[in-house]
Each structure stands twice: as structure tokens, then as C-alpha cells.
Engineer: 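Take this structure, written in C-alpha cells, and hold onto it; I'll ask about it next.
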Amino acid sequence: MYKEWLERLRGLGKREKIILISGAVFLGLFFLSTAVIIPLAKDKKALGKGITQKESQLERAYELSAKIRSVEKLSQNSSRKDSS
């Protein structure tokens, strides 16, 4: 069967070989883009959104940490004044 296909390919004219190769290249690029490139682009976009969310969560944590520190300082200052 393999030899039959080789013989058919050898019997094709130059124009038919070009058309056949062009079609194979198109199909290969199509499958490559749908199986690899598009999913990678979607994953990259999802990661970008995740990073943005995590950055905002981190900023919120820093803000809360600063507020907690200021409350602790006020608490320490007021307890020192009360003990004096």
C-alpha cells in the first residue's frame, strides 16, 4: 500500500505536486494553530487576569497590614500613657 502511494506521487505533475504540498502545509499550520497556538494564547490571557487579581489582593493585604500596625502603635501609645 505504501509503495502504491509513492508511485502515485511520483506520477503526479509539477503543478499537482505543488497543490498537494500547499494543501498539506495549510492543514499542518491549521492543526498547529488550533492545537497549540490558540490554547497557549488563551492560557496566557487567563494568567494575565490571574496576576492582576493577585496584585490587587496583595495591595489590599499591604493596606490592611499598615492599618493593623498603626492600630497597634496607637494601642501601645495609649497603654503607655495610661500606665504613667
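Numbering of residues begins at 1 and proceeds along the displayed sequence.
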Engineer: Return the CD1 to CG distance between I38 and L32, rounded to the nearest 0.5 Å.
Structural biologist: 10.0 Å

Engineer: Please report the shortest heavy-atom distance between R10 and K17, naming the atom on each side.
Structural biologist: O-NZ, 4.3 Å

Engineer: Does a side-chain heavy-atom distance below 4.5 Å link I37 with L40?
Structural biologist: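 Result no, sub-4.5 Å side-chain heavy-atom pair not found.
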
Engineer: Okay, side chain of S33, backbone of L29: is any donor-acceptor separation there less than 3.5 Å?
Structural biologist: yes

Engineer: Check whether more than 12 heavy atoms from other residues, nucleotides or ligands sit under 6.0 Å from atom CD of Q57, and answer yes or no.
Structural biologist: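 Buried by this count: over 12 neighbours within 6.0 Å.
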
Engineer: Distance from K67 atom NZ to E63 atom CD, nearest 0.5 Å?
Structural biologist: 6.5 Å

Engineer: What's the separation between atom NZ in K49 and atom CG in L47, rounded to the nearest 0.5 Å?
Structural biologist: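 That separation rounds to 11.5 Å.
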
Engineer: Between S65 and R69, is there a side-chain donor-acceptor contact under 3.5 Å, judged purely by atom types and distance?
Structural biologist: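 Present: a donor and an acceptor within the cut-off.
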
Engineer: Just by modelled atom types, is the V71 backbone N or O under 3.5 Å from a matching donor or acceptor in the S75 side chain?
Structural biologist: no

